[in-house]
Amino acid sequence: MASASASAPAPTEDERRRDNSGGGGQKPLLARNRNEQETSRQEAQKGSGAAKAAMFPMTYKDGLSQWWAGLSPAVTEHRVLSYIPYLRQPPTQTQTGAPSTKGNGTSMEVDRSADKDARQAVETDSDTDPYGPRIWHSNLVELGGKNRFLNEFSVERVDEQTKNHLVMIHGYGAGLGFFYKNFEPLSRLPGWKLYALDLLGMGRSSRPPFRIQAKDREGKAREAENWFIDALEEWRVKRGIERMTLLGHSLGGYMAVAYALKYPGHLDKLILASPVGIPEDPYAVNDDDGPTAAEANALANEFAESQEEVVNAGGGKADGNNFVNQKDKQNGSKTADPPKRRPYSKWLTTLWDANISPFSLVRLSGPLGPRLVSGWTSRRFGHLPAEEAEALHDYSYSLFRQRGSGEYALAYILAPGAFARSPLIRRIQGVGRQYLGPHSVPEPDVNGPTTKTAGSVSERLREAGIPIVFYYGSHDWMDINGGLAAKSKCDAVAAKALADNSGVDGAEARTRENGSVKVRVIEKAGHHVYLEGCEQFNREVAGEMSDVEVRQKRLAGGGGR
């Protein structure tokens, strides 16, 4: 990464925040209400009315206006992507966006031509790109079956052979536009092509009906996992990608692990950004009692936590919920005894188990929907420049109000409190150690590592490990101890594999060994580490991409994969 970035000067502040107006011309909501919000925060201590105003900063009038305007996800995604540095014009397809032409200025007008093919990829080039030239694509990739396609955004380097692929997957209910601060820095490395995907049933991907046929809890979880990762595998095959580095955030991280287990042999590295569902919690698995007070507040933190406070804070998080400084956790410090468990309120558990998603409430609230969403977006994006925060609010609301589909998988995968019905800590030791070839379900193979010998051509080959990297925010409500526990399990399996191949005959297997696990902390970041700590996150991920190249050379020199 260092050599790539040294080829040109870093972008100036003016370049990073240049005016890309024309994407609707709206006066930024958060800028318009910034003084009112600050006043509301101050007056919140004096009365409940002011507290409610601070919780939902958008006015009823503005909410009604946004609901009535009904901006499509394509239009709002188009505007978010306009903040990517050096990009002349976002290449949004599906009747929005238009191919750029040299000398046509920086118009952000949306092309609403009725004759534009919704499946035709539109591309644009970079304007005065010190790290390019690069081509930016937007496409809907059709899958088999009725109404099944994935929304794809990609960055490709011109006149270079593509040797490696980075594939990025967003979290629950989100979309690929949330990665807008990562696309440019992570596409600077020569020989790499970057893809970002909307999960099936989320973002701007198609939203087919989501139905579960299984009757038992484990079967329902596996069926829900397969719904997402089978679509990802179909996309990989369609794109002709043999191997890739897979990066997933939150629920996307969970699905990335599931993909690695079901479709082994196609990953160079697994990068998990604050992944959900790692630790085991018997209360989530067995449905005995509710979670702890800390666990009960976990998902609430996602909506109540102000990221403006997080990114300006230092040290560890002390919120009374048993969170400690993440560096201390890595150094072996122990948390206090867990608090006594208490059940969720009956109405919350009932809604969750009935699969009533937060987005269902947004859709049912009609004109109140934008105001409800503003409670989340103002806290989540309050640390960003006002125009970007406004664009992300519009983008979020446009996604939240879409037809329900993939969101209904959550109740089958997670229990209230963000703990998994089928915890990944039970399965993650199989990542990078599976028999090669597709599996019926994302579960570890039963037997231990096996090495193919010259006299045993029928012996099934296993993977020889893949590197895994965990990222947590220093103020993350996702517990870093889940990543540390996963590291311990994976390290034990790697040690066993090396011990099993300690003899002379195992020299090739030892040379092929490629497993490792890292747990890293992104400073001054919460759950959305890729956004709140984007500068450190981008540096570290770029370093991991360079590490993929180093490992490839080592493996090729030692007999290959």
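Across V517 and K487, no two heavy atoms sit closer than the pair O-NZ, 3.0 Å. Nearest heavy atom pair, residue G201 against residue W227, reads CA-CH2, 4.0 Å. Heavy atoms only, all atoms of each residue included: A260 and L270 are closest at CB-CD2, 4.4 Å. Of all heavy-atom pairs spanning V529 and G473, the tightest one is CG1-N, 3.2 Å. Across S187 and R134, no two heavy atoms sit closer than the pair OG-NH1, 2.8 Å. When all heavy atoms of T76 and S398 are compared, the closest pair comes out as OG1-OG, 2.7 Å.
For E152 (side chain) and L197 (main-chain N/O), no donor-acceptor pair under 3.5 Å exists by modelled atom type. Q536 places a side-chain N or O within donor-acceptor distance of the main-chain N or O of E523, the cut-off being under 3.5 Å. Of the possible donor and acceptor atoms, one in the side chain of N538 sits under 3.5 Å from a partner among the backbone N and O of K181. Between the side chain of S250 and the backbone N or O of V276, no donor-acceptor pair lies under 3.5 Å. In this structure a side-chain-to-backbone donor-acceptor pair under 3.5 Å is missing from R79 to E390. A donor-acceptor pair under 3.5 Å links the side-chain atoms of D476 to the main chain of M478, judged by distance alone. Side chain of E388 to main chain of F381: no donor-acceptor pair is present (N/O by atom type, distance under 3.5 Å, no hydrogens or angles). Between the S206 side chain and the F149 main chain, a donor and an acceptor come within less than 3.5 Å of each other. S396 places a side-chain N or O within donor-acceptor distance of the main-chain N or O of L392, the cut-off being under 3.5 Å. One N or O on the side chain of Y472 and one on the backbone of G483 form a donor-acceptor pair closer than 3.5 Å.
Side-chain atoms of H383 and E532 include no donor-acceptor pair closer than 3.5 Å.
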Going through the checks in order, is the side-chain contact (heavy atoms from CB on, under 4.5 Å) test met by T245 and E544?
CA-CA 9 Å; T245 294; E544 295 301 332; over 6 Å; no

Go through the steps to decide whether E540 and Y471 satisfy the test side-chain contact (heavy atoms from CB on, under 4.5 Å), and finish with yes or no.
CA-CA 10 Å; E540 297 220 7; Y471 289 113; 3.2 Å; yes

Does E184 form a side-chain contact (heavy atoms from CB on, under 4.5 Å) with W136? I'd like the steps, not just the answer.
CA-CA 10 Å; E184 192 280 318; W136 312 70; 4.3 Å; yes

Verdict with supporting geometry, F179 and F153, side-chain contact (heavy atoms from CB on, under 4.5 Å)
CA-CA 10 Å; F179 291 122; F153 181 79; over 6 Å; no

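From S274, atom OG reaches atom CH2 of W477 across 7.0 Å, with rounding to the nearest 0.5 Å. Here the OG atom belonging to S72 is positioned 8.0 Å from the CD atom belonging to Q402, to the nearest 0.5 angstrom. Note that the CG atom of L247 and the CG atom of N182 stand 8.0 Å from one another [nearest 0.5 Å]. How far CZ of R157 is from CG of L189: 8.0 Å, rounded to the nearest 0.5 Å. Between atom CD1 of residue I480 and atom CZ of residue R520 there is a gap of 10.0 Å, rounded to the nearest 0.5 Å. With values rounded to the nearest 0.5 angstrom, R204 atom CZ is found 7.0 Å from D198 atom CG.
In this structure, N164 and M545 have side chains that are not in contact, with every pair of non-hydrogen atoms separated by 4.5 Å or more. Between L232 and I169, the closest side-chain pair of non-hydrogen atoms falls below 4.5 Å. M168 is listed as a side-chain neighbour of L186, based on a closest heavy-atom distance under 4.5 Å. No side-chain heavy atom of P275 sits under 4.5 Å from any side-chain heavy atom of Y254. A heavy-atom distance below 4.5 Å is found between the side chains of L267 and M244. For the pair P185 and Y131, the minimum side-chain heavy-atom distance is 4.5 Å or more. Side-chain contact between F183 and L81 is present, with at least one heavy-atom pair separated by less than 4.5 Å. Looking at heavy atoms from C-beta onward, I241 lies in side-chain contact with Y195 at the 4.5 angstrom threshold.
With sequence neighbours excluded, the residues forming a ring-ring contact (aromatic ring centres under 6.0 Å, His included) with H249 are H527, H528, Y530, listed by chain and number. Residues that satisfy the ring-ring contact (aromatic ring centres under 6.0 Å, His included) test with Y395, not counting sequence neighbours, are F178. The side chain to side chain donor-acceptor pair (under 3.5 Å) search around D547 returns K269, R551, not counting sequence neighbours.
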